[in-house]
Amino acid sequence: MSSFSELELSPALQQGLQALAYEEMTPIQAASLPWVLQGRDVIAQAKTGSGKTAAFGLGLLSRLDPSISRVQCLVLCPTRELADQVSKELRRLARFIPNIKLLTLCGGISLRPQIASLVHEPHIVVGTPGRILELLDKGHLTLEKVQALVLDEADRMLDMGFGDAIADVIAQLPAERQTMLFSATYSDEIRAISRRVQRDPMEVTVESLLGDEEIEQVFYEVERTRKTEALAFLLGQHRPESALVFCNTRRDTQDVAGELEKRGFSVLALSGDLEQRDRDEVLVRFANRSCSVLVATDVAARGLDIKDLPAVFSYELPSDPEIHIHRIGRTGRAGSKGLAIHLCASVEIGRIPAIEAAQGSAATWGRLNLAGGSRSAPLQPPMVTLIIDGGRQDKLRPGDIMGALTGEAGLPADVVGKIDTFATRTYVAVKRSHAQKAMEKLRAGKIKGRSFRVRK
Ligand code: AMP
């Protein structure tokens with residue numbers, strides 16, 4: 001590993017790194033920063049947690065001239081959460097560069113304040129392709145002085161259907177620029193977009209995708225007809241607080257979720273055919289820990305922004321080994337131990353060699369004895385979600401709800417979990433033990449001086 005002090009970074013950036021206590025570069029930083037700082041285009045295979053934000057962030061901040069009040073750097077991200085994370089990290093790195101203006105521009109937030117904040121041009125824009133295109137089309141944003149472009153989690157942006165929007169945004173950038181593309185996988189589509197938007201990019205890949213995370217992986221040979229039984233047994237045995245079950249087809253997600261529900265599990269299914277609102281609700285309930293098992297297709301699970309799941313299960317092995325790597329990458333991140341369990345019917349055995357090659361290690365097989373059945377009752381999720389029929393349009397903010405619950409209603413702050421606000425709805429996670437009381441208090445009292453419908 002090498003230290004940041006070997007790089008030619010401005011004193012302000014060195015100071016920023018010191019304040020963050022970043023000393024050694026992460027592998028992706030060590031491999032990409034020398035090229036990034038030279039202004040070369042790079043295509044890098046890196047996932048969240050690798051330090052990729054600082055890898056491109058230091059590049060952007062090095063090129064930037066704060067005395068020119070024009071958008072000089074643009075970062076496109078798939079989701080608002082990621083855009084917020086990236087903005088936060090860039091702000092931290094830029095702390096000692098005076099007068100840098102950075103704006104985060106994402107959909108799902110009203111346009112007007114964004115338009116107002118664009119009256120004075122920022123130096124850096126981080127956002128989602130759809131919203132940025134909208135602001136460009138309406139003439140509130142110009143990108144003709146952009147020197148550096150980052151496509152962050154490019155594979156996810158393509159999966160989410162942002163391909164055209166990205167192309168339209170890029171069409172408005174100067175041809176003379178640095179383009180950095182980060183992606184967890186290299187598909188043909190990613191290669192194609194790289195060819196279209198990059199010039200002679202340096203390709204940067206660091207070690208195997210599994211890195212040094214600690215993941216316990218076990219494969220079980222189970223006939224297809226007994227898979228749900230095996231799944232219920234293993235869930236009962238390991239009792240993870242949250243588990244993501246991957247299915248290859250939408251139909252399986254429904255069937256498996258239905259079967260698990262019958263067996264008493266707190267389970268939801270997520271597939272691409274849900275309405276946006278139902279999708280949001282499923283994602284919120286799983287993320288706020290009021291549902292312990294989520295059954296999803298690989299594509300649908302991409303919208304899920306949870307970094308370190310305690311356990312993932314494959315109901316069926318994928319035929320593409322890269323998908324297998326993605327699945328196990330969902331657990332055991334950030335130093336926590338992960339569990340990945342794969343159910344494999346005899347017809348799927350043929351997929352094992354490619355999977356072993358992709359993960360760089362032989363499969364470990366476990367033995368299952370389903371005869372005894374699982375004795376322990378399914379784990380209850382620790383939280384319950386309350387739904388308030390009011391949201392951003394009603395100017396309800398998480399702080400207002402926290403205030404209503406801990407103030408007038410007298411609940412201790414630590415029983416309130418995640419609060420997610422949408423345009424017309426708010427989801428509040430409350431510890432199971434206090435859920436009933438919280439609901440009664442919210443129903444009886446007022447939030448911001450108004451009464452709202454509240455239900456579980
Ligand atoms: P990222 O992959 O960009 O989401 O970064 C993952 C986490 O690692 C973030 O919390 C960063 O603040 C942190 N990080 C990035 N680079 C370094 C470094 N060189 N040393 C220590 N932590 C870092």
Side-chain angles (χ1 to χ4, degrees), residues 1-10 12-37 42-62 73-97 100 102 104 106 124 126-128 148-157 180-186 204-215 287 302-309 325-326 328-336 338:
M1 282 245 203
S2 37
S3 132
F4 283 107
S5 55
E6 289 160 27
L7 298 173
E8 283 200 34
L9 290 171
S10 68
L13 284 175
Q14 292 283 12
Q15 218 180 332
L17 289 166
Q18 267 165 27
L20 285 168
Y22 293 2
E23 283 156 15
E24 299 293 315
M25 289 190 259
T26 66
I28 189 75
Q29 289 163 355
S32 63
L33 269 167
W35 307 107
V36 167
L37 294 174
V42 293
I43 170 165
Q45 188 163 18
K47 55 182 190 175
T48 304
S50 60
K52 66 187 163 78
T53 316
F56 64 72
L58 290 169
L60 297 180
L61 294 168
S62 294
C73 310
L74 173 66
V75 183
L76 296 179
C77 300
T79 63
R80 192 166 77 219
E81 282 100 327
L82 185 65
D84 286 337
Q85 272 174 38
V86 167
S87 299
K88 234 192 255 166
E89 177 86 346
L90 292 180
R91 286 209 167 92
R92 287 198 297 231
L93 290 166
R95 205 161 76 192
F96 296 97
I97 312 176
I100 293 265
L102 180 153
T104 315
C106 298
I124 307 175
V126 179
T128 47
L149 164 72
V150 176
L151 301 176
D152 195 10
E153 303 205 357
D155 50 347
R156 261 177 90 189
M157 288 201 280
M180 296 174 258
L181 188 158
F182 287 78
S183 180
T185 54
Y186 284 171
V204 181
T205 311
V206 280
E207 86 245 303
S208 94
L209 271 171
L210 282 181
D212 38 40
E213 303 117 324
E214 269 205 79
I215 302 173
R302 294 213 149 206
L304 187 68
D305 259 310
I306 305 182
K307 302 214 164 55
D308 51 347
L309 281 164
I325 301 291
H326 266 293
I328 51 186
R330 283 283 190 171
T331 185
R333 289 190 189 173
S336 53

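Counting starts at 1 for both ligands and their atoms, in listed order. Computed from heavy atoms alone, side chains included, the values below leave out hydrogens, waters and symmetry copies.
Annotation: side chain to side chain contact (heavy atoms under 4.5 Å, CB included) contacts of Ser87 (sequence neighbours excluded): Arg91, Leu102, Thr104, Val126.
Those atoms of ligand 1 with a heavy atom of Arg92 less than 4.0 angstrom away are 12 (O). Taking a cut-off of under 4.0 Å to the non-hydrogen atoms of Thr53, the atoms of ligand 1 that pass are 1 (P), 3 (O), 4 (O). The atoms of ligand 1 that sit less than 4.0 Å from any heavy atom of Phe4 are 19 (N).
For the atom pair CE of Met25 and CG of Leu58, the computed distance is 9.5 Å after rounding to the nearest 0.5 Å. A distance of 10.5 Å separates CG in Leu37 from CG in Leu61, rounded to the nearest 0.5 Å. In this structure, SG on Cys106 lies 6.0 Å from CG on Asp84, to the nearest 0.5 angstrom.
Not a single heavy atom of Glu23 lies less than 4.0 angstrom from ligand 1. Using a non-hydrogen distance threshold of 4.0 Å, Gln85 does not register as a contact of ligand 1.
Looking from atom 16 (N) of ligand 1 to the surrounding protein, the closest heavy atom is Gln29 NE2, 2.8 Å. Atom 6 (C) of ligand 1 has its closest protein heavy atom at Gly49 CA, 3.6 Å. The single protein non-hydrogen atom nearest to atom 21 (C) of ligand 1 is Tyr22 CD1, 3.6 Å, given as residue, atom name and distance.
Contact between Ala46 and Lys52 at its shortest, heavy atoms only, is O-CD, 4.0 Å.
The shortest distance between side-chain heavy atoms of Gln45 and Tyr186 falls below 4.5 Å.
Less than 4.0 angstrom separates atom 10 (O) of ligand 1 from none of the non-hydrogen atoms of the protein.
Under a 3.5 Å cut-off, the side chain of Thr26 and the backbone N or O of Ser50 do form a donor-acceptor pair.
At least one N or O atom of Gly51, backbone or side chain, sits closer than 3.5 Å to an N or O atom of ligand 1.
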